[in-house]
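Computation of the quantities below employed the complete heavy-atom set of this structure, encompassing side-chain atoms and omitting hydrogens, waters and symmetry-equivalent molecules. We name chains A, B, ... by the order of the sequence lines, and we start the count at 1 in each one.
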Amino acid sequence: MLEKIKELLSKCKQSADLAESSADVNDLRVRYLGKSGEYTGLLRGLKDVAPAERGAIGKLINEGKIKIETLLAEKERYFKAKEEEKKLRSEKIDVTLSKGASIGSTHPITKVKNEILDTFIGLGFAVKEGPEIETDYYNFQTLGIPADHPARDMQDTFYISENILLRTHTSPMQSRTMLSQKPPIRIVVPGKVYRADDDATHSPIFNQIEGLCVEEGISLAHLKNMLEIFAKSTFNKDTKVRFRPSYFPFTEPSVEVDISCSICGGKGCRLCKGTGWIEVLGAGIVNPAVLENCGIDSKKYSGFAFGFGIDRIAMLKYGIPDIRLMYENDVNFLKQYK
Amino acid sequence: MKAPLSWLKDYVDINVSVDELAAKLVGAGFEIEEVIHPSDQYVNIKAVKILSMEKHPNADKLQICQVDAGDSKLQIVTAAKNVAVGDVVALALDNSRLPDGTEIKKGELRGVLSEGMFCGGSELKLTAGDYPQAGIDGVFIFPEGVKPGTDINDFLGTNDVVFDISVTANRPDCNSVLGIAREIAAVLRQPMKDTFALPAMQEKGKIDASLSVEVRDTELCPRYLAKMLDNVVIAPSDELIKRRLRLVGLRPINNIVDITNYILFDIGQPMHAFDYNYIKGGKIVVRRAEKGEKIVTLDGTDNALSDQNLVIANAEEPMAVAGVMGGENSGINDATTKVVFEFARFKRDNVRKTARMLGLHSDSSARFEKGIDYVSQDLALIRTMQLVSRLGAGSFVGGKIDSLKQEVAPATLCVKKEKIDEILGIDIPTEEIVRILSSLQFGVTEKSGEFTLTVPAYREDIVGANDIAEEVIRLYGYDNIVGKPLDGKKLTQGGRNRKDRLVMQTKAFLSGFGGLSETFSYSFVNPKFMDDFRLSEEDARRNVIRIMNPLSEDVSVMRTTLTPSLFSICATNYARGVKAARFYEIGKTYFPKAIPVTDTAIEKETLALAVFGEKEDFFSLKSVIESLAERFRIALDFTPSDEPFLHPYRQAFISVNGKKIGYIGEMHPAVTKQRKFDEKLYVAELDLDVFFEYAVEFLPFVAVSKFPSIERDLALVVKEDVYGGDMLKLINQTGGAYLRSATIFDVYSGLGVLPGKKSVAFNLLFRKDDGTLDGEEVNSAVDNILKAMSDAFGAKLRD
């Protein structure tokens, strides 16, 4: 009996070594361990063994069975892994190929507008919008620019009729807001504005953001701080802000605001024409007459207002040389801005 | 405003460099457009004396001159006939440049060396008004006393610097050399020189004896001052006046006209000189024109006047349009012997209105439109008397006529230091404020933190504390303002409104995985789009708002649809070789509330999309819109439509809750052909205002069912023209409470389906939220659907 066990074990090992696939291994399992398998037959032969030895022999047979099972399982794992690898290899792909990205693009004006609005929203400013087709009254008169005022020459206006026009700035929303809302007021007004001008730096349509803050005790120093935050967040943390005296009928004092050149950082370059500064916006303290026009007590309240061209900021920020590129909509231009 | 440095020095000592002065003016609020060096126009041009002349051996018309150029002797070949030995003439030397940019080099003329070229008056940009001999066709001969070798810039006075200054609308007083000089005095902390001493002159007679002035409209003419000059000798002005007029871009004409032009720049007071002979009745009447009255002005135009126009008339007729232009009939001429000078203040907005109405513009009207103060008339009168005296241009008649009977008292203001500090946000020492305001010619007294100020008469822009704060800070220096946070102020809630937020989300969606490029195009378009797009006469989109003064017809009406703009963008890109692209724009469309337009418009936020390229079709664009609708949980309906610019069988109206909000379709080939666009182009447009009304930004939690679902597929045969969308809608209506979704997964016609019919295959999914569905419940729901489909569409289950 002992020899028989040994013989079968070694025979099984030899056959296992000759196996070439998991199917072969399965066949071996049936041949040796199946219901009528050769090794299973040994157990049936146990009844012929002397009862005193039966226990020891039985144990040996069982140990042998475990050996065979272990051996076959190992073989099977080996072949399964090999076969899986073969199947996967057949599925190999060229990962360097592509079906192309399908992302669109966001216009630089929208990108810059959203960045700037986010800055001011964080400072407590609410976003408002107003009509593009405006009345002469809101566009000019409430802002201290009556008919035949020389300041009307500052802005070439498109007229729809005698009293209706395409707004030349987002400033009408200053008076529209102040007429309907009491201080404290902090608003930013993005929108399209129109001027009869067309060259490399002027488009007849461009986009502005107007800012207005009305409260007690507002000063030029507050304005400067706000614009410093704007300049640093829009360009970089080292950007400086400079005021120069100017004139707008609806602010007094009025300032032109320069920022340190975004290209050379103030050392002087072609963009800033060697001055180190770039004019970006107009601002000032709200003219008390405008507050009074809007029913706000100018003795109690004061405010600052500013307005700038989003297009110009976008041109500066991205280095776009000609404003007309932004309205030409060449897909290769647009696709640069994700 | 052009201000020559030498002229400014009449008023104030300037002890800094040109660059420094320019920087200081900018700091004080005067932008420098340009610093002009007038000598740049004359390079290497000198006075030379002709020593000898001989005939050119090879040319009959040429002469060879030997000239004395001061430090050298030169040989010049000339064709000029007006010169003789001994004349001192203008010579452009080797390597010289004339005002028109012509460069002169030495060279040979018919084999004889010429070391330069003689110049005539016109080549030197001079006219007979500058020098009588400049008007002659030939070489410019210098007046006596000019030494050979003199640079022409020294002769013409062009060795100067002219500041071209941009003056803001609030500072009309600075449209004069005097005004700029006052600012320079303040920024340089220099005193102003007194240049307004009355000259010692003999006057004869009384003006009242031969002239009266009647101002009938004192609102439009608050002041009219007249002075009469007799025994007038019309002659050229002196060198100084001529030089200065040239420096500011004016041509000298004669002494009387030059004086008025000179004073316009010097004091900023426009003047007019009337020939007394034309003042019929010895009477000047300042009045509104009568309806139908006419005047031929100096420029030769015939103007029909109205009562909106102020005129200076004699007893019978208008002699000048007040402040704008004189009449042809009353001007100064060589025979003039008696002149009446006008110094007036006209209302600025009326001058502006008149100038625009008549299309007449002059230096005088430009100046009056900006506003004239009450003291310039007196200063201009003194200056006139000084100049007449200096030029010996005539003798004044005694007295003057002034319509202003009472001197206008200077304005006074009380401003607290506290208020100035509050506006500026910094603390400026009281002494500094006093010093600055005094330097700007304010009368200043200070008492316990309050300034009492007398405002200079020429500063009508100063009305309150804010103006004073501005005066102080522009001289104190804006760089001294240090940013200060809004500490201690009331909090306000910042943020976007709903529409702005939804627009931003829409853009993020489309520009993101939607794969579309955002565009910006002009809000005004060519009205031709209406015909190009074959819109019917009744189409609401023909109701465009027109711009009165467009840049061109191409951009003359406000758009009522964005699709033409996007089509144009596609066509432009296509022409540049782009084979495929996806574009969108969010912008306004504009509709009038009424015609004519007397109010703001109806502005609709609109979204338009356009896609083209191999991978695009109707459904690829529709899927973008459906995804966007799903993003905002909006249920859209697509129904057949009849837009005239779309393919008649490939277009649909888009609606929400029964409201039509837009369309989608393939562009009609007849339209795309117009722009040589040969691909299929798919477009869509949506009214975002209505679309957003239905946008759901928030939905409360709904429990997810844990029970299994049951799917059923149905293939139904219907007539070919039945819309799948209609079938789906009916399934959803009749599928019962457990129907969770229904989709079409196949549409088939061909073998196995009768001609004229199609088979539409639906996948239905049923589920219960609170238990397991049994087959009977599903069967009964499917039966309901089948019955409804059979009733509505004659649908039969496919065999």
Side-chain angles (χ1 to χ4, degrees), chain A residues 102-107 109-110 114 120-127 131-135 147-151 154 158-161 163-164 184 186 192 196 198 204-205 215 217 219-222 224-225 228 242-247 252-253 255 285 287-288 302 326-327 329-331 334-335, chain B residues 28-29 168-170 349 352-353 369-370 422-426 464 466-467 469-470 473-474 478 481-486 489-492 494-497 500 507 510-523 545 547-549 551 569 573 578 581 588 590 596-598 600-601 603:
Chain A
S102 71
I103 190 85
S105 59
T106 303
H107 199 284
I109 291 174
T110 298
N114 283 337
F120 285 105
I121 288 168
L123 294 165
F125 286 75
V127 179
E132 294 172 26
I133 296 180
E134 240 323 342
T135 60
D148 292 309
H149 188 279
M154 292 163 72
F158 287 117
Y159 283 93
I160 303 292
S161 65
N163 295 312
I164 304 296
R186 279 182 219 175
K192 288 191 174 119
D198 199 3
I205 296 181
E215 226 190 300
S219 72
L220 274 180
H222 294 129
K224 190 162 188 180
N225 175 254
E228 278 167 350
R242 178 176 84 168
F243 282 175
R244 276 183 296 117
S246 188
Y247 168 70
E252 184 73 36
V255 289
I285 294 295
N287 194 319
S302 55
M326 292 203 277
Y327 296 91
N329 298 304
D330 187 303
V331 74
L334 298 174
K335 288 267 182 190
Chain B
T168 52
N170 59 326
D349 50 354
R352 187 183 152 97
K353 203 192 253 175
E369 283 178 28
K370 290 176 176 123
E422 183 189 298
I423 293 166
L424 301 176
I426 52 169
N466 288 59
D467 304 304
E470 180 168 66
I473 192 63
R474 73 184 179 88
Y478 272 100
I481 292 180
V482 181
K484 195 158 78 183
L486 282 170
K489 302 290 176 204
K490 290 195 182 105
L491 284 179
T492 50
R496 293 176 188 270
N497 52 41
D500 193 42
K507 286 184 175 183
L510 295 170
S511 297
F513 210 60
L516 290 92
S517 290
E518 190 196 1
T519 64
F520 263 69
S521 48
Y522 285 1
S523 320
I545 295 172
I547 296 166
M548 283 165 72
N549 55 333
L551 286 179
I569 291 169
N573 278 280
V578 176
K588 299 269 183 67
Y590 310 83
V597 180
T598 55
T600 54
E603 300 183 8

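- Neither the backbone nor the side chain of B:Pro596 comes within contact range of chain A, judged by heavy atoms closer than 4.5 Å.
- A side-chain donor from one of B:Lys507 and A:Thr110 sits under 3.5 Å from a side-chain acceptor of the other.
- Neither the backbone nor the side chain of B:Ile426 comes within contact range of chain A; no heavy atoms are under 4.5 Å apart.
- Ranked by heavy-atom pairs under 4.5 Å with chain B, the first of A:Ser102, A:Pro245, A:Pro184 is A:Pro245.
- Note that CD1 of B:Ile423 is 7.5 Å distant from CD1 of A:Ile285, once rounded to the nearest 0.5 Å.
- A donor-acceptor pair under 3.5 Å links the side-chain atoms of B:Asp467 to the main chain of B:Gly464, judged by distance alone.
- Between chain B and the options A:Ser219, A:Pro288, A:Ala221, heavy-atom pairs under 4.5 Å are most frequent for A:Ala221.
- Chain B forms more heavy-atom pairs under 4.5 Å with one residue of A:Asn287, A:Leu123, A:Thr135, A:Asp330 than with any other, namely A:Asp330.
- Considering only heavy-atom pairs separated by less than 4.5 Å from chain A, the leading option among B:Leu491, B:Leu510, B:Thr598 is B:Thr598.
- Comparing B:Ile545, B:Leu516, B:Thr168, B:Asn497 by how many heavy-atom pairs each has under 4.5 Å with chain A, the most go to B:Leu516.
- Contact annotation for B:Glu603: only side-chain heavy atoms (C-beta onward) come within less than 4.5 Å of a heavy atom of chain A.
- By number of non-hydrogen pairs under 4.5 angstrom with chain A, the leading residue of B:Lys370, B:Arg474, B:Lys490 is B:Lys490.
- Only the side chain of A:Ile164 comes within contact range of chain B, with at least one heavy atom under 4.5 Å from a heavy atom of that chain.
- The two residues B:Tyr590 and A:Ile133 come nearest to each other via the heavy atoms CD2-CD1, 3.7 Å.
- A tilted orientation is assigned to the rings of B:Tyr522 and A:Tyr327, their planes being inclined by 30° to 60°.
- Looking at B:Val482, only its backbone comes within 4.5 Å of chain A, counting heavy atoms on both sides.
- Annotation: maximal heavy-atom pairing with chain B below 4.5 Å, among A:Ser302, A:Ala196, A:Pro204, occurs at A:Pro204.
- Of the atoms belonging to B:Asn573, it is side-chain heavy atoms, and not backbone ones, that fall under 4.5 Å from chain A.
- With respect to chain B, the highest number of heavy-atom pairs below 4.5 Å among A:His222, A:Lys192, A:Met326, A:Arg242 belongs to A:His222.
- Rounded to the nearest 0.5 Å, atoms CD1 (A:Ile109) and OG1 (B:Thr519) are 10.5 Å apart.
- Ranked by heavy-atom pairs under 4.5 Å with chain B, the first of A:Ala126, A:Gly122, A:Ser246 is A:Ala126.
- If you measure heavy-atom distances from A:Asn163 to chain B, you find no contacts under 4.5 Å at all.
- Here the side chain of B:Glu518 pairs no donor or acceptor atom with the backbone of B:Ser511 at under 3.5 angstrom.
- Between A:His107 and A:Leu334, the shortest heavy-atom contact is CD2-CD2, 3.6 Å.
- Taking the side chain as every heavy atom from C-beta outward, A:Phe120 and A:Val127 never approach each other to under 4.5 Å.
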Exercise for the section: Decide side chain to side chain contact (heavy atoms under 4.5 Å, CB included) for A:Asn114 and B:Arg496; before the verdict, give the C-alpha distance in whole Å, the side-chain angles of both, and the deciding distance to 0.1 Å. Expected result: CA-CA 11 Å; A:Asn114 283 337; B:Arg496 293 176 188 270; 3.3 Å; yes
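- Ranking B:Ser523, B:Ser521, B:Ala469 against chain A, the residue ahead of the rest is B:Ser523, based on heavy-atom pairs under 4.5 Å.
- Heavy atoms closer than 4.5 Å to chain B are found in the side chain of A:Glu228, but not in its backbone.
- Atom NZ of B:Lys353 is separated from atom CD of B:Glu369 by 12.5 Å, given to the nearest 0.5 angstrom.
- For B:Phe520, the parts sitting under 4.5 Å from any heavy atom of chain A are the backbone and the side chain alike.
- Contact annotation for A:Phe125: only backbone heavy atoms (N, CA, C, O) come within less than 4.5 Å of a heavy atom of chain B.
- Rounding to the nearest 0.5 Å places CD1 of A:Ile121 at 13.5 Å from CZ of A:Arg186.
- No other option in B:Gly514, B:Gly29, B:Gly512, B:Gly425 has as many heavy-atom pairs under 4.5 Å with chain A as B:Gly512.
- The backbone N or O of A:Glu132 sits nowhere less than 3.5 Å from a side-chain atom of B:Lys588 that would complete a donor-acceptor pair.
- Chain A forms the most heavy-atom pairs under 4.5 Å with one residue out of B:Ile473, B:Leu424, B:Val578, B:Ile569, and that residue is B:Leu424.
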